[in-house]
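Order of listing sets the numbers, starting from 1, for every ligand and every atom in it. Starting from 1, each residue takes its place in the sequence as its number.
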Amino acid sequence: MTAELLNGRELSDELKEEMKHEVEILKQQNIHPHLTVILVGDNPASKSYVKGKEKACDFTGISSNLIELPESVSEQELLQVIEGQNNDKDVHGILVQLPLPDHIDEQKVIHAISPLKDVDGFHPVNIGKLVNGEETFLPCTPYGILTMLESKNIEIEGKRAVIIGRSNIVGKPMGLLLLERNATVTYCHSRTQNLRELALEADILVVAMGREHAVDGSYVKEGAVVIDVGINRMDNGKLTGDVEFESAKEKASYITPVPRGVGPMTITMLLKNTIKAAKGLSEK
Ligand code: GUN
């Protein structure tokens, strides 16, 4: 079998067109969706992500502002900046780009963002709602993956989903979302034994390890759906995923490329969450 591509770029472009229209209508109702992005320090990858977010906001008519703080900013100062944004009624969404410098407690910062403006879906109140199956802001990467699966009518109910990676941002919420849709979910991570054996059981295999080509076709069951969350820069400067694409695509029924797979969807779902926040809604 040669897999069909799950083209995140294309789907993302379609969704952004729809959102552009939705934002126009909201503006006629005097609702002007606004996202504040807070960037601490000079991490080049973070800077590049933040630029992508600004560009996507511009395209859809969502207004955004970037608050840049020096690497040396104190935790207290950052918390005060967040408090200011929490209290600004014109701001609907707040995103603090991660990672933060070592002297700042990331969890403390996430706790400080109003759950009603937490468009990343990282606040413990929103994670708790996700665990309970209540309406909330869904973390953008898993939400984007789910949207890609749904766009192809890929069945989730009753399927075996194997998630490799247990980060708070991707792996953990991904498993919860698939469980909520009645998949049978297995979490794997760096200490997992017999990783290949477990991966081979997956109907839906989500790989979020952060390690170049950690998984190849020998980990993929014939006909499985393979979702590659990794973004790694190779020695030749090109981007590649956690999955060795060429061998995996020969086994999979669907596969995401890197780039143009999961990445563009993450930003797109951030826009969706910002619009939701502006409407005063969150979604299951
Ligand atoms: N750093 C890497 N991914 C993300 C994300 O989805 N949100 C935030 N805030 N920081 C990130």
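At the shortest separation from atom 11 (C) of ligand 1 among protein heavy atoms lies Q97 NE2, 3.5 Å.
The residue from Q29, H92, E22 that alone fulfils the side chain to side chain contact (heavy atoms under 4.5 Å, CB included) condition with K279 is E22.
Note on I163 and V220: separate hydrophobic clusters, where clusters join Ile, Leu, Val, Met, Phe, Trp and Tyr whose side-chain heavy atoms are under 4.5 Å apart, directly or indirectly.
For D242 (side chain) and D228 (main-chain N/O), no donor-acceptor pair under 3.5 Å exists by modelled atom type.
Close contacts of ligand 1 with L95, meaning ligand atoms under 4.0 Å from a residue heavy atom, involve 9 (N). Interface atoms of ligand 1 facing V96, defined by a heavy-atom separation under 4.0 Å, are 8 (C), 9 (N).
With distances taken over non-hydrogen atoms, the option nearest atom 9 (N) of ligand 1 out of L100, L98, D120 is D120. For atom 4 (C) of ligand 1, the choice among T266, I267, I169, T141 with the nearest heavy atom turns out to be I169.
Using a non-hydrogen distance threshold of 4.0 Å, Y49 does not register as a contact of ligand 1.
Other residues, nucleotides and ligands place no more than 12 heavy atoms under 6.0 Å from the NE2 atom of H21. Other residues, nucleotides and ligands place no more than 12 heavy atoms under 6.0 Å from the CG atom of D102.
Side-chain atoms of C57 and L271, non-hydrogen and from C-beta on, do get closer than 4.5 Å to each other.
For ligand 1, none of its N or O atoms has an N or O atom of K53 under 3.5 Å away.
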